[in-house]
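It should be emphasised that the depicted structure is a prediction, and the values quoted were computed from it without experimental measurement.
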Amino acid sequence: MKHWIYALALFVAASTWALPGQAAPAWYTCEVDQAGVLSNGVLTVKLTHLAESQAFKKKNFRAEKAISKQSLAVALSAMAANLRVRIKADLDSPGTPRLLRFELLAD
C-alpha cells in the first residue's frame, strides 16, 4: 500500500511540472527605461524587450534580493551609457515578474 501512495504522489508531482502553458524562465535582450529602489527596499527596473515581436514594453520587473545591488549597478550603467541588457526573467511569476539574471551587453 505504501508503494502505491508513493507512486501516486510521484505521478502527481511529475504531472504538475509538465503542465501545458507554464513557461520556464527565459532570456531577453532589453533596454532599461527606468530603475529605482522602492521604500520597502525592493529594486524595480522598467524594461522594454528589443525584438521584432516584443514580449513586453515598459514592463516593471523586481530583482531577486541576492542580485539587487548588482542589478541596480547594471541598470544605472546601461542607462548612463545607452547600452542594452540581457535578462533572465520569469514572466509567469505572480505579481511583478522576477529578474533572475541581469547582464550588461557591450555594443
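- In this structure the side chain of Leu100 reaches within 4.5 angstrom of the side chain of Arg98, judged on heavy atoms.
- Residues in residues 42-51 take part in no salt bridge (Lys or Arg N to Asp or Glu O under 4.0 Å) pair, two or more places apart or across chains.
- In terms of the side chain to side chain contact (heavy atoms under 4.5 Å, CB included) criterion, residue partners of Glu103 (sequence neighbours excluded) are, by chain and number, Trp27, Arg86, Arg101.
- Applying the salt bridge (Lys or Arg N to Asp or Glu O under 4.0 Å) rule to pairs touching residues 68-84 yields Arg84-Asp107, sequence neighbours excluded.
- Judged as a side chain to side chain contact (heavy atoms under 4.5 Å, CB included), and not counting sequence neighbours, the contacts of Asn40 are Leu38, Val42.
- The shortest heavy-atom contact between Lys59 and Pro97 is CE-CG, 3.5 Å.
- Across every non-hydrogen atom of Ser68 and Ala63, the tightest pair is CA-CB, 4.1 Å.
- The backbone N or O of Thr44 sits nowhere less than 3.5 Å from a side-chain atom of Arg62 that would complete a donor-acceptor pair.
- In this structure, the separation between CG on Asn82 and OG on Ser77 is 12.5 Å, given to the nearest 0.5 Å.
- Hydrophobic clustering, defined by side-chain heavy atoms of Ile, Leu, Val, Met, Phe, Trp and Tyr closer than 4.5 Å, groups Tyr28 together with Val32, Val37, Leu43, Val45, Leu47, Phe56, Phe61, Leu72, Val74, Leu76, Met79, Leu83, Val85, Ile87, Leu91, Leu99, Phe102, Leu104.
- Nearest heavy atoms, His49 versus Ala55: ND1-N, 2.9 Å.
- In this structure Thr48 satisfies the side chain to side chain donor-acceptor pair (under 3.5 Å) test together with Asp33, sequence neighbours excluded.
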